[in-house]
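A short write-up of the structure that comes next.
Protein chains get the first letters and strands the later ones, always in sequence-line order, with residue 1 at the start of each.
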Amino acid sequence: MASERYNAPVREKHWQKVWDDQGTFQTNDKSKKPKRYQLEMFPYPSGRIHMGHVRCYTLGDVMARYKRAKGFNVLHPMGWDAFGLPAENAAMERKVHPRKWTYENIDTMRGQLKAMGLSIDWSREFATCNPEYYQHQQRLFLDFFKKKLAYRKTAKVNWDPVENTVLANEQVIDGRGWRSGAVVEQRDLTQWFFKITEYAEELLQALDTLQATWPDFVCTQQRNWIGKSTGANMKFALEGGKLPKKLQTLEVFTTRHDTIFGASFMAISAEHPLAAHLAQKNKELAEFIEECRKIGTSEEALAKAEKKGFDTGIVAVHPFKDGVQLPVYVANFIVMGYGTGAIFGCPGHDQRDLDFARKYARPVVPVVLPPGAQADAFSIGAEAYVGEGTMINSEFLNGLTIEAAKDKIAGLLEERGIGERKVNYRMRDWLLSRQRYWGCPIPVIHCPTDGIVPVPIEALPVQLPEDVTFDKPGNPLDHHPTWKHVKCPKCGEPAVRETDTMDTFVDSSWYQFRYTAPNAATPTDKKALKYWAPIDQYIGGKEHAVLHLLYARFFTRGMKATKHVDFDEPFTSMFTQGIVVHETYRSENGDWLTPDEVKIEGDGPNRRATSIATGRPVEIGDIEKMSKSRKNVVDPDDIIAHYGADTARLFIVSDSPPDRDIIWTDAGVAGASRQVQRISRLIDEVAEKQPGKLGPKPATFGPEAHALRRAAHKTLHSVGQNIEGLRYNVAVAQLYELTHALSAAQSQRGEGLDWAIREAAEMLVQMIGPMLPHLAEDCWERLGYNTLLADQSWPQTEPALLVDDRITIAVQVNGKRRDELTIARTASKEEIEAAALKLETVARALDGRSATRVIVVPQRIVNVVG
RNA sequence: GCGGACGUGGUGGAAUCGGUAGACACACAGGACUUAAAAUCCUGAGGGGGCGACCCCGUGCGGGUUCGAGUCCCGCCGUCCGCACCA
């Protein structure tokens, strides 16, 4: 039996059934062990799992299994982010109901995930499209509504013309819909919003704490997105035309109120009410505004567009300098959505203002003097001065620092009632309405007399109707003949349901808590949450750095305000995994080919690809993220069926650090498969020579046995640390080293060596458990155990074996390595120095000079300087 | 433009504190086994020089700090990511 190949696909099915039958991974809520909540972002049930899923869930599963072995009570659940547009597209294209399509996909993908051998507690599984789930989401929405965290307003919204729905700001990337890629249009609509801005400051502040356990780039991106700027609002009186009272003052936001004496013009957005008012009687202005609007849609064009202004003839009165009037321009670079949609221009200290001032011949007066510069010799050329300095040309501010000047102006503004200190955020409220069918209905009713009436909690869930059609554009819920017509819960008169559904990001903003009590009658269960929450480690894709992770952070705060949770941050530590990439292949006529349609020969510069079907040459293209459009995909099912899940898992965790992109290659998979066989063979050899369990430990060990034991225990120690730190690739390398040491020991003889080999083999099996769970289980059985490896605790190290009696340290002469020295670990500095100086290699390198200085770092290095 | 991350052999990568650079693996070359192949095992290998013990160079480039720098500091170059007329 020793040389038989390990039949992974067969054995893996066996072990999966055993785990399933025994309920090995069912989580016990009543355990006394310390808890560990390990979570990976749940998948959208698009049809089949892809390698990105395999990577994400493997990374999480290694940690979950490791923590389990380390004595933690682990919660490692799985579910489905099941609402969303693709289901409706399938309904339109294939005449299949979104529900049917979704649940069928879930069945397929659940089977695929189970074939990966994940240590998931499947009893907690749910899909967000289950009414049992979304009824609680509707409850949360109503609680948010009561707290005014959900509200309705008319606003310019991003309209995705392909998805036929609105999008939140976060979902517009480079002016295009994040999913459809369609150029987004601006429309005025009344929509539901979550008041995420209420928590802007908190969400920002808490990042300082998260920084320690979250990736830097995620924190940075969230900071940028929140976009805090501290400044002041300032009101200017307007003159030079007949204006309605409301428009006689112009309020601007500035972060440089210190530079007010350098102001030389005002600029307002083309969408500013004042611009609209003036345009009524000014045809040229109206044309200018129209021109701005045309450019205004795409940010790309906006960035390239030349700065242009239109002098309205209106002037603003300088609030601190008598007799100074500042002309008011409508300008194409002022956005209405930020601040007040109006600025004062100080060309001396803002590049954009300077460009504008030069173009329209406005004065440029420096008001901040750089350190060391002479006031009378300092002027502004082509570049604005934005650095530190002291105030000049600024009357009562002269001589102050920028900060002191800001403070003084802000005080005066507040004293005179013409402004105040003001903090602005770039972040807008979260637009959650979607004009779609396959989403969670927003549980409110519009009554002609009572206005917006929440659906009573006992009437939840507001269920989606089954009988919908997708044959005309727009929202099927709106077209439905009866669904929306209801009686007002307040007055009983005819009313209509809200037909908007929620953004699917709402579904994924709180699912992490639902797993802790998936059957609770309320959205969360206090007791379960107290034990399990928050998530100890969350793993997912980089693309959610702002979207999902920011929403979930907000939602947790909203749930705290509505007493559903009692903490602020959902994810204690966050890990973003890299993507799976693969070469692309293109035939002569430009069609993409899948990897299995292509035959590769040669290597290096001689590497050639040909089409299997036609025999014609194929161009090997860039290495890109696996995608259906490029056809550079490898189906996990094929890999699992051919090599087994353990091989796929091993490939995923070897070589590439988990946060970097990983290049999927056939050669790499074959290599991983060889390692699986190698380990299997090695364990067979050990089990054959020494059948039965590990016997009693011998009293003494010879040098060979001692060396192997040291290697095994050291590996145990550092593999544990490397798994904890998600350096799985390093852990795998160390396991290979132990495998080599164990192989080599097989052909040696020595006192206690058989026992040491047995011990090392068992440790190896236990250490590969998190990564290669099926193989480990199989080997454990072969080693004579009838217990499950999955139930074994992580082996203990013998601390004495982690330190060597004698160690080898490098010997340098003038910083260059010349030799090495094996010496007692406890050797003193003097002993090391003496031993080093005795070395012939040292004397030769000194070349006749004498040592002037010897640096000794015990247990590390000795450096002779001479 | 601003912000962040990164840059190590043919390739993926390792080096946790400033202390033997290149662990481990892929690919490659040579060898063993075999009628042959597959599979497996063994050996070799950063670059250059020398018959050789050995010597020189080497972590994107240029400086610096240090007994000692892949690691720290300054200045460049390059790649990737995010944000971008944000007042």
Ring center gap for A/W664 and A/F651 short of 6.0 angstrom: yes
Contact under 4.0 Å: A/R660 side-chain N or O vs B/rA14 OP1/OP2: yes
Among B/rA25, B/rA87, B/rA23, the one nearest A/H740 by side-chain distance: B/rA25
In a table with atom names and distances, give each donor-acceptor pair under 3.5 Å that connects a side chain of residues 227-234 of chain A to protein atoms at least two apart or in another chain.
from, atom 1, to, atom 2, distance (Å)
A/K228, NZ, A/E201, OE1, 3.0
A/K228, NZ, A/E201, OE2, 3.0
A/S229, OG, A/Y338, OH, 2.4

Nearest-neighbour nucleotide for the A/A667 side chain, B/rA25, B/rA87, B/rC26 considered: B/rC26
Using a cut-off of under 3.5 Å, enumerate the N/O to N/O pairs linking the protein to nucleotides 55-59 of chain B.
from, atom 1, to, atom 2, distance (Å)
B/rC55, OP1, A/R818, NH1, 3.4
B/rC56, OP1, A/R818, NH2, 3.4
B/rC56, OP2, A/R818, NH1, 3.1
B/rC57, OP2, A/K816, NZ, 3.0

Aromatic ring proximity A/H318/A/F236, centre distance under 6.0 Å: no
Whole-angstrom distance between B/rC56 and B/rG1, as gauged at atom C1': 46 Å
Within residues 336-343 of chain A: residues closer than 4.0 Å to RNA chain B (heavy atoms): A/Y338, A/I343
Chi angles and distances behind the side chain to side chain contact (heavy atoms under 4.5 Å, CB included) call for A/I639, A/M51: CA-CA 10 Å; A/I639 301 296; A/M51 281 305 172; 3.7 Å; yes
Test side-chain hydrogen bond (donor to acceptor under 3.5 Å, both in side chains) applied to A/D659 and A/Q577, step by step: CA-CA 4 Å; A/D659 57 339; A/Q577 106 238 13; over 6 Å; no
N/O to N/O distances under 3.5 Å, protein versus nucleotides 39-45 of chain B:
from, atom 1, to, atom 2, distance (Å)
B/rU40, O3', A/R681, NH2, 3.1
B/rC41, OP1, A/R678, NE, 3.2
B/rC41, OP1, A/R681, NH2, 3.3

Atom pair NZ (A/K542) and CD1 (A/I579), whose distance is rounded to the nearest 0.5 Å: 8.0 Å
Which side-chain N or O atoms in residues 855-866 of chain A pair as donor and acceptor under 3.5 Å with protein atoms at least two apart or in another chain?
from, atom 1, to, atom 2, distance (Å)
A/N863, OD1, A/N814, N, 3.4
A/N863, OD1, A/G815, N, 3.0

Sugar-phosphate, base or nothing in reach of A/F253, heavy atoms under 4.0 Å: base
Rounded distance in Å - CH2 (A/W225) to P (B/rC81): 18 Å
Contact under 4.0 Å: A/R426 side-chain N or O vs B/rC86 OP1/OP2: no
N-glycosidic conformation, B/rC17 - syn within 90 degrees of 0, else anti: syn
For RNA chain B, the dot-bracket pattern of Watson-Crick and G-U pairs whose distances stay under 3.5 Å, | for other-strand partners: (((((((..(((......[....))).(((((.......))))).((((....))))..(((((..]....))))))))))))....
A/N224 vs B/rA84: side-chain N/O to OP1/OP2 distance below 4.0 Å: no
Among B/rA5, B/rG3, B/rA87, the nucleotide that comes nearest once only the side chain of A/D216 is considered: B/rA5
Qualifying salt bridge (charged side-chain N to carboxylate O under 4.0 Å, His left out) pairs, either residue in residues 730-748 of chain A, two or more places apart: none
In B/rG9, glycosidic geometry as syn within 90° of 0 or anti otherwise: syn
Under 4.0 Å protein heavy-atom contacts per nucleotide of nucleotides 16-22 of chain B, with B for base, S for backbone only and - for none: BB-BB--
Touch class at under 4.0 angstrom, heavy-atom based, for A/P657 against every strand present: sugar-phosphate
Separation between the C1' atoms of B/rG58 and B/rU20, rounded to whole Å: 15 Å
Partner residues of A/E271 under the side-chain hydrogen bond (donor to acceptor under 3.5 Å, both in side chains) criterion, sequence neighbours left out: none
Candidates B/rA87, B/rC85, B/rG13 - which lies nearest the side chain of A/S229: B/rA87
Greater than 12 external heavy atoms within 6.0 Å of A/K599's NZ: no
Touch class at under 4.0 angstrom, heavy-atom based, for A/T220 against every strand present: sugar-phosphate
Residues in salt bridge (Lys or Arg N to Asp or Glu O under 4.0 Å) contact with A/R660, at least two apart in sequence or another chain: none
Ring centers of A/F265, A/F344 separated by less than 6.0 Å: no
A/Q211 and A/D216: CA distance, side-chain angles, deciding distance, side-chain hydrogen bond (donor to acceptor under 3.5 Å, both in side chains) verdict: CA-CA 6 Å; A/Q211 190 105 43; A/D216 278 349; 3.0 Å; yes
Contacts of A/R358 that satisfy salt bridge (Lys or Arg N to Asp or Glu O under 4.0 Å) - sequence neighbours left out: none
A/R55: salt bridge (Lys or Arg N to Asp or Glu O under 4.0 Å) partners, not counting sequence neighbours: none
Value in whole Å for how far the C1' atom of B/rU11 lies from CG of A/D661: 16 Å
Expected output: side-chain A/D646 to main-chain A/L775 donor-acceptor under 3.5 Å: yes
Validation row, ring centre A/Y329 to ring centre A/Y360 under 6.0 Å: yes
A/Q675 side chain, from C-beta outward: closest of B/rC26, B/rA87, B/rG4: B/rC26
